[in-house]
Amino acid sequence: MLVLGIESSCDETGLALYDSERGLLAHALHSQIALHAEYGGVVPELASRDHIRRVVPLLRQVVATAGVAPADIDAIAYTQGPGLAGALLVGCAFAEALAFALNKLTLPLHHLEGHLLSPLLSADPPEFPFVALLVSGGHSQLMRITGVGEYETLGETLDDAAGEAFDKSAKLLGLPYPGGAALSTLAELGTSGVFELPRPLLHSGNLNFSFSGLKTAVLNLVRQRDNPDDQFKADVARAFQDAIVDVLVRKSLKALKETGLKRLVVAGGVGANKQLRQRLNSEIQQRGWRVHYPELEFCTDNGAMIALAGTLRLQAGKSVATANGAFSVKPRWPLAELFNAKNST
Ligand code: KG4
Ligand code: ZN
């Protein structure tokens with residue numbers, strides 16, 4: 001079975017072909033970071049227009065790389081939500097039109113399901129069940145994953161997402177959008193302990209997060225300095241990263257302990273963070289547990305995770321929709337609605 005995956009929920013156009021027997025055959029991505037950088041954030045209208053420009057050439061690219069014909073595709077999976085309405089509509093309209101022309105199935109998917117299952121693309125995939133720490137630009141949650149389509153929310157952010165906190169703090173430090181990776185590089189030049197930032201909700205007794213106060217703490221530090229030099233900025237970046245990594249690691253360990261599971265999967269863009277990986281690796285190894293990450297290229301948005309999620313859902317007999325030409329997207333789509341997830345906190 002050959003599944004085409006299309007991701008267009010935000011500022012990356014990603015297409016991929018996943019074969020249920022042979023695995024990932026091809027994937028191609030166009031990032032719009034340069035397009036939005038001068039505005040300091042994603043401009044939705046520009047994002048939609050760029051998705052329109054990129055989607056056909058990217059399809060041609062993956063089909064050529066995989067050495068298949070469009071008619072060989074059995075189903076077309078695409079991100080139906082959550083995300084930017086116009087950007088989602090491009091992927092949805094393209095997927096539905098192509099499926100109509102080829103007389104194939106469409107699989108409208110939840111973006112986070114793609115992230116949650118993305119570690120299964122790696123050479124050493126995790127077995128079910130596992131705890132997933134999903135930390136992206138728009139989401140931060142801990143989930144219990146029992147199988148494909150069987151997800152339970154254990155805890156989530158009450159305000160900003162982890163990636164959002166990285167990006168907002170980076171902006172306060174004068175770094176270009178999206179600042180997560182740049183802040184992390186800057187933090188490597190800083191010294192731990194020069195500034196102490198709060199660890200929000202660390203002792204809340206549940207698995208929820210709150211990151212908006214951290215960003216405010218960074219703002220307060222920056223405001224106190226008239227002419228912040230490079231070392232000051234690096235020390236603030238370090239303090240921010242130490243705090244957020246500490247909370248993410250300790251809550252992940254708590255989730256493992258509470259569920260009795262011994263496998264952690266980290267997904268979403270913040271999962272690329274080096275310090276987070278180092279801390280998790282050492283804490284988890286000490287306990288004899290295992291931690292899995294998606295390949296770095298599949299941490300942030302991409303088409304491969306959507307093609308994979310589509311294939312797995314199809315194989316599991318979940319949510320198979322036929323192409324009916326309906327262009328319907330879900331810019332706001334609570335995870336709980338799709339998965340009937342129980343919130344145990
Ligand atoms: O998963 P993703 O592509 O977006 C959403 O689906 O929301 O993640 C993007 C987020 C951005 O906030 C970006 O700054 C952050 O992931 N990010 C990082 C790193 N690389 C990307 N945050 C911290 N450290 C990194 N190395
Ligand atoms: Zn994402």
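What you see below is based on every heavy atom in this structure, not just the backbone, and it leaves out hydrogens, waters and symmetry mates. Numbering of ligands and ligand atoms starts at 1, following listing order.
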*Asks:* Report the part of H111 (side chain from C-beta onward, or backbone N, CA, C, O) that has a heavy atom under 4.0 Å from ligand 1; answer both or neither where that applies.
*Replies:*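 For H111, the contact with ligand 1 is made by the side chain alone.
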*Asks:* With heavy atoms of G269 as the reference, note each atom of ligand 1 found under 4.0 Å away.
*Replies:*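 The list of qualifying atoms is 1 (O), 2 (P), 8 (O), 16 (O), 17 (N), 18 (C), 19 (C), 20 (N), 21 (C).
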*Asks:* Does an N or O anywhere in G179 fall below 3.5 Å from an N or O of ligand 1?
*Replies:*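 No, no N or O pair falls under 3.5 Å.
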*Asks:* Inspect the contact between R53 and D50 and indicate whether a charged nitrogen and a carboxylate oxygen are less than 4.0 angstrom apart.
*Replies:*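 A salt bridge is present here (some side-chain N lies under 4.0 Å from a carboxylate O).
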*Asks:* Only heavy atoms of G163, strictly under 4.0 Å: list the atoms of ligand 1 that pass.
*Replies:*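 Listed by number with element: 12 (O).
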*Asks:* If the threshold is 4.0 Å, N to carboxylate O, is there a salt bridge linking D229 and K233?
*Replies:*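 Looking at K233 together with D229, the answer is no, because their closest N to O distance does not fall below 4.0 Å.
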*Asks:* Distance from L59 atom CG to L17 atom CG, nearest 0.5 Å?
*Replies:*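 Between L59 CG and L17 CG, I get 7.5 Å after rounding to 0.5 Å.
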*Asks:* Will you find, in the side chains of Y151 and E113, an N or O donor that is under 3.5 Å from an N or O acceptor?
*Replies:*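 The criterion, which ignores hydrogens and geometry beyond distance, is satisfied for E113 and Y151.
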*Asks:* Between K274 and ligand 1, which residue portion shows a heavy-atom distance shorter than 4.0 Å: side chain, backbone, both, or neither?
*Replies:*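 Within the 4.0 Å criterion, K274 makes no contact with ligand 1.
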*Asks:* Using 30° and 60° as the class limits, which term best fits the ring planes of H115 and H111: parallel, tilted or perpendicular?
*Replies:*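 If you compare the ring of H115 with that of H111, the planes turn out perpendicular.
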*Asks:* For a ring-ring contact (aromatic ring centres under 6.0 Å, His included) check, start with the C-alpha distance between F195 and F232, then their side-chain angles and the critical distance, and finish with the verdict.
*Replies:* CA-CA 10 Å; F195 302 108; F232 169 81; 5.5 Å; yes
*Asks:* Which heavy atom of the protein is the closest neighbour of atom 22 (N) of ligand 1, given with residue, atom name and distance?
*Replies:*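 Looking at atom 22 (N) of ligand 1, the protein heavy atom closest to it is G180 CA, 3.6 Å.
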*Asks:* Quick test: of every protein heavy atom, which one is nearest to atom 10 (C) of ligand 1, and how far off is it to 0.1 Å?
*Replies:*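 Closest protein heavy atom to atom 10 (C) of ligand 1: G137 N, 3.6 Å.
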*Asks:* Verify side chain to side chain contact (heavy atoms under 4.5 Å, CB included) between S328 and Q80, making sure each step is shown before the conclusion.
*Replies:* CA-CA 7 Å; S328 130; Q80 191 183 27; 3.4 Å; yes
*Asks:* For the pair R290 and D124, find out whether any cationic side-chain nitrogen is under 4.0 Å from an anionic carboxylate oxygen.
*Replies:*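 A salt bridge links R290 with D124.
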*Asks:* Taking only heavy atoms of D167 into account, list the atoms of ligand 1 that are under 4.0 Å away from them.
*Replies:*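 Answer for ligand 1: 11 (C), 12 (O), 13 (C), 14 (O).
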*Asks:* Looking only at heavy atoms, what is the nearest atom pair of A16 and L24, with distance?
*Replies:*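 Minimum heavy-atom contact is CB-CD1, 4.1 Å.
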*Asks:* Classify the contact between T300 and ligand 1 as side chain, backbone, both or neither, using a heavy-atom distance cut-off of under 4.0 Å.
*Replies:*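 For T300, backbone and side-chain atoms both sit under 4.0 Å from ligand 1.
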*Asks:* Counting no waters, what protein N/O/S atoms lie under 2.8 Å from the Zn ion (ligand 2)?
*Replies:*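 Hits for the Zn ion (ligand 2) below 2.8 Å: H111 NE2, H115 NE2, D301 OD1.
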*Asks:* H115 heavy atoms, cut-off 4.0 Å: which ligand 1 atoms fall inside?
*Replies:*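 Matching atoms, with element in brackets: 1 (O), 6 (O).
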*Asks:* Do T79 and E7 have side-chain N/O donor and acceptor atoms under 3.5 Å apart?
*Replies:*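 Side-chain D/A pair, T79 to E7: present.
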*Asks:* As an exercise, state the distance from CG of L276 to CG of N281, rounded to the nearest 0.5 Å.
*Replies:*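 L276 atom CG to N281 atom CG measures 9.0 Å (nearest 0.5 Å).
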*Asks:* So if I count the atoms of ligand 1 from 1 in the order they appear, which ones are less than 4.0 Å from some heavy atom of G138?
*Replies:*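 Those qualifying, in numeric order: 7 (O).
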*Asks:* For atom 24 (N) of ligand 1, what's the nearest protein heavy-atom neighbour? Residue, atom name and distance, please.
*Replies:*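 In this structure, atom 24 (N) of ligand 1 has N273 ND2, 3.0 Å as its nearest protein heavy atom.
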*Asks:* Hey, is ligand 1 close enough to D301 that some N/O pair sits below 3.5 Å?
*Replies:*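 Yes; at least one N/O pair falls below 3.5 Å.
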*Asks:* Report, as yes or no, whether the 6.0 Å neighbourhood of atom CZ on R60 holds more than 12 heavy atoms from other residues, nucleotides or ligands.
*Replies:*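 For R60, atom CZ is not crowded (no more than 12 foreign heavy atoms under 6.0 Å).
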